[in-house]
Engineer: 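Just passing along the structure, written as structure tokens.
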Amino acid sequence: MSHAETMLPALPPPPEALKRYTFSRLLGRALLGVWLAASVGIFLFVVDSWSPEKFAKYGPSFLSGLRVTLTLVAISIVLGGILSLPIAYGRMTKNKVLSWIAYGYVYFFRGTPLITQLFLVYYGLGSFRPYLEAVGLWSLFKDAWFCALFTFTLNTAAYQAEILRGAIESVPRGQHEGAAALGLPKSVAFFKIILPQAMIVALRPYGNEIILMIKGSAIVAIVTVFDLMGETRRAFSRTYDFQMYLWAAVLYLIMVEMLRNLWAWIETRLTRHLKR
Amino acid sequence: MQAAFAALSSIVSWFASIVDPMCGPIGVFRLFAQGTLLACGDTGWGDEIAYGFMITTSLAICTLPIGLFLGFFIALAKQSEEKSLRLATNIYTTIFRGLPELLTLFIVYYGLQIVAQRVMLAVGYEGPVEINAFIAGMIALGVVFSAYCSEVLLSAFKAIPRGQYEAGDALGFHRGKTMRLIVLPQLVRIALPGLGNLWMALLKDTALVSVIGLPDILRQTGIAARVTKNAFEFFSIACLLFLILAMLSSMVFSALERWTKRAEVTR
């Protein structure tokens, strides 16, 4: 019986097998090349038409536009959230009349474009000027910013009511029954058992709704509110410089991406007890 | 050839005028709104609004196939094993889902104009170049739709078990045939609710195209509102028309859903 006296010398690792050059690889490289070319082209375009005066002149107005957009979205999301509570209740109640009213409200605001609703409020309520003046609300409704806030609040309330209803109805029946079996009153069961579970379900749709509102708020530029889009349009109409739109695009993308990542972080944080 | 096209288009427009639900012989405005602001013809705004309605619907219907087609291939690319392909398509969806639709529209409209102008200058043509608002709207909305559509289709793809592909292999099907006969029918069934939502969003986004001057529902009613000073009435009509479109499409989609599920067991 023979056996090896010495260990085999270490060999270099085998050469890496060449990947086959598939069609999808080629396509992927080509598309990345297109993106690269586009970004280089845009960069060169911006460098080409760059001027410090323009930046000094329009930079601050972009920032103020950003502030207007963010305040508009934040206030309307909060107010809409408050308004969505009775609507969601109406959608879930057994009372026929209430539930039809809530359904009609939600159907109207989800079925028509936001811009049409905005026009209806901003231009349309002008027809009711005498009545509004009599109530003392005209000074509010002649202001484009307030009209935008009003429309956005009503609109997002409809969407948020649907989110809330879907989330609450997604909690299984057994949870209600479990609470009832423990002898908990209805209100305690709702706030301590149903709502926390519903909120986890609703978290992602709420995030999407905020993103939709940020994107949708761009239309207020058309009714002369100088939000980010409005400032961009003003700057473009004064300079005919296309890079204004590119800057706005970058700012919007940064906002949306930050929010999306923040929301993903919140979601992983809040659902860590569900991880196995 | 030219004559044939002209004849064809005249036949189509004649047919459209017959079945026109607003200002045709049995149109709503023709029957019920004679003598009001909504009358058809020179005395009212009925025919203008009907034209806007047609523009809105045709824009949405023309955008849909582009968006679906692009979105399908983007979804395929997103589940490819090739990293660069995934990266490229992810950049695409991140950009077009993150930008406001209005901004995308402006970028496409003015950006295309600048590009076209430069190209024409290079060719040697000096003069104003105008991009058709309908085409610009179609491109912008189609791009946005495809970005969202790819996400819906991707999640539908993920819901189809591997075994289905393996069954296709076991039957000796070509990859394209597996896709066509086995995967696509299931994909449609799973993705249809999501696609229905996207269609509704598309329908609502078409209203934005009025901003770049396309005479759609919103623009026509806006003109009427400005001229007649009856803003509330006309914008209510715009809302009503969009609601009707939404109702019609939800009816169509529920019928489609029933049709795709006709093979499933009824409970």
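Per chain, numbering begins at 1; letters A, B, ... match sequence-line order.
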Engineer: Could you tell me whether A/Phe43 atom CZ has more than 12 heavy atoms of other residues or ligands within 6.0 Å of it?
Structural biologist: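 Not more than 12 within 6.0 Å, no.
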Engineer: Identify the heavy atoms of A/Ala218 and B/Pro100 that sit nearest to each other, and give their distance.
Structural biologist: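 Taking A/Ala218 first and B/Pro100 second, the nearest heavy atoms are CB-CB, 3.9 Å.
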Engineer: Can you confirm whether A/Pro113 sits close enough to B/Leu218 that some side-chain heavy atom of one is under 4.5 Å from a side-chain heavy atom of the other?
Structural biologist: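 A/Pro113 does not reach B/Leu218 side chain to side chain.
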Engineer: Report yes if the side chains of B/Ile95 and A/Trp35 come closer than 4.5 Å at any heavy-atom pair, otherwise no.
Structural biologist: yes
Engineer: For A/Tyr122, is it the side chain, the backbone, both or neither that has a heavy atom under 4.5 Å from a heavy atom of chain B?
Structural biologist: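 Nothing of A/Tyr122, per the 4.5 Å heavy-atom cut-off to chain B.
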Engineer: Any chance CH2 of A/Trp50 has more than 12 other-residue heavy atoms, nucleotides or ligands included, within less than 6.0 Å?
Structural biologist: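 Counting other residues, nucleotides and ligands, CH2 of A/Trp50 exceeds 12 neighbours.
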Engineer: Nearest heavy-atom pair of B/Ser250 and A/Tyr107: which atoms, and what distance?
Structural biologist: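 Heavy-atom minimum between the residues: OG-OH, 4.1 Å.
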Engineer: Quick check: do A/Leu31 and B/Ser84 have side-chain heavy atoms less than 4.5 Å from each other?
Structural biologist: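 Result no, sub-4.5 Å side-chain heavy-atom pair not found.
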Engineer: Take the angle between the ring planes of B/Phe232 and A/Phe128 and call it parallel below 30°, perpendicular above 60°, tilted in between.
Structural biologist: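 Perpendicular.
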Engineer: To the nearest 0.5 Å, what is the distance between CG on A/Leu120 and CD1 on B/Ile237?
Structural biologist: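 Reported value, rounded in 0.5 Å steps: 11.0 Å.
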Engineer: If I take atom CG from residue B/Leu240 and atom OG1 from residue A/Thr112, how far apart are they, to the nearest 0.5 angstrom?
Structural biologist: 10.5 Å
Engineer: Show the nearest heavy-atom pair for residues A/Ile222 and B/Leu102, with the distance to one decimal.
Structural biologist: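 Scanning both residues completely, I find the closest heavy atoms to be CD1-CD2, 4.1 Å.
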Engineer: Could you check whether atom CZ of B/Arg86 has more than 12 heavy atoms from other residues, nucleotides or ligands sitting under 6.0 Å from it?
Structural biologist: yes
Engineer: Between B/Ala246, B/Ala231, B/Ser80, who has the most heavy-atom pairs with chain A when the cutoff is under 4.5 Å?
Structural biologist: B/Ala231
Engineer: Could you measure the distance from the CG atom of A/Asn208 to the CZ atom of B/Arg97? Nearest 0.5 Å is fine.
Structural biologist: 8.0 Å
Engineer: Using the rule given for side-chain contact (heavy atoms from CB on, under 4.5 Å), can you reason through A/Ile115 versus B/Val211, listing the C-alpha separation, both sets of side-chain angles and the distance that settles it, and then say yes or no?
Structural biologist: CA-CA 10 Å; A/Ile115 186 172; B/Val211 179; 4.2 Å; yes
Engineer: Report, as yes or no, whether the 6.0 Å neighbourhood of atom CZ on B/Phe72 holds more than 12 heavy atoms from other residues, nucleotides or ligands.
Structural biologist: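 Yes.
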Engineer: Show the nearest heavy-atom pair for residues B/Gly98 and A/Val256, with the distance to one decimal.
Structural biologist: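 In terms of heavy atoms, the two residues are closest at O-CG2, 3.4 Å.
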Engineer: Just give me the residue among B/Ile107, B/Thr89, B/Thr104 that pairs up with chain A most often, heavy atom to heavy atom, under 4.5 Å.
Structural biologist: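 So the answer, after comparing B/Ile107, B/Thr89, B/Thr104, is B/Ile107.
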Engineer: Starting at CE of A/Met229, measure out to CG of B/Leu103 and round the result to the nearest 0.5 Å.
Structural biologist: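 Those atoms lie 4.5 Å apart.
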Engineer: Restricting to non-hydrogen atoms, name the atom on A/Ser24 and the atom on B/Glu82 that form the minimum distance, rounded to 0.1 Å.
Structural biologist: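 A/Ser24 and B/Glu82 have their closest heavy atoms at O-CG, 3.8 Å.
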Engineer: Measure up the B/Phe235 and A/Phe119 rings against each other and bin them: parallel (under 30°), tilted (30 to 60°), perpendicular (over 60°).
Structural biologist: perpendicular
Engineer: Just so I understand: if I count every heavy-atom pair under 4.5 Å between each of B/Lys229, B/Glu233, B/Glu101 and chain A, which residue has the most?
Structural biologist: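 Of the candidates given, the most pairs with chain A belong to B/Glu101.
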Engineer: Let me confirm one number: the CZ-NZ distance from A/Arg29 to B/Lys83, rounded to the nearest 0.5 Å.
Structural biologist: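 Going from CZ on A/Arg29 over to NZ on B/Lys83, the span is 11.0 Å.
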Engineer: How long is the straight-line distance from CD1 of B/Ile114 back to OH of A/Tyr240, given to the nearest 0.5 Å?
Structural biologist: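 The OH atom of A/Tyr240 sits 12.0 Å away from the CD1 atom of B/Ile114.
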Engineer: At a 4.5 Å cut-off on heavy atoms, which part of B/Ala225 comes close to chain A: side chain, backbone, both, or neither?
Structural biologist: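 For B/Ala225, there is no contact with chain A at all, as no heavy atom is under 4.5 Å.
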Engineer: Is the shortest side-chain heavy-atom distance between B/Phe106 and A/Phe236 below 4.5 Å?
Structural biologist: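 Answer no - side chains too far apart.
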Engineer: Would you check if the side chain of B/Lys204 reaches a backbone N or O of A/Arg110 as a donor-acceptor pair within less than 3.5 Å?
Structural biologist: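 Yes: the side chain of B/Lys204 pairs with the backbone of A/Arg110.
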Engineer: Looking at every non-hydrogen atom in both residues, tell me the closest pair between B/Leu99 and A/Lys215 and how far apart they are.
Structural biologist: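 For B/Leu99 versus A/Lys215, the nearest heavy atoms are O-CE, 3.3 Å.
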Engineer: Sort B/Leu243 into side chain, backbone, both or neither according to what part of it lies under 4.5 angstrom from a heavy atom of chain A.
Structural biologist: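 Interface part for B/Leu243: both.
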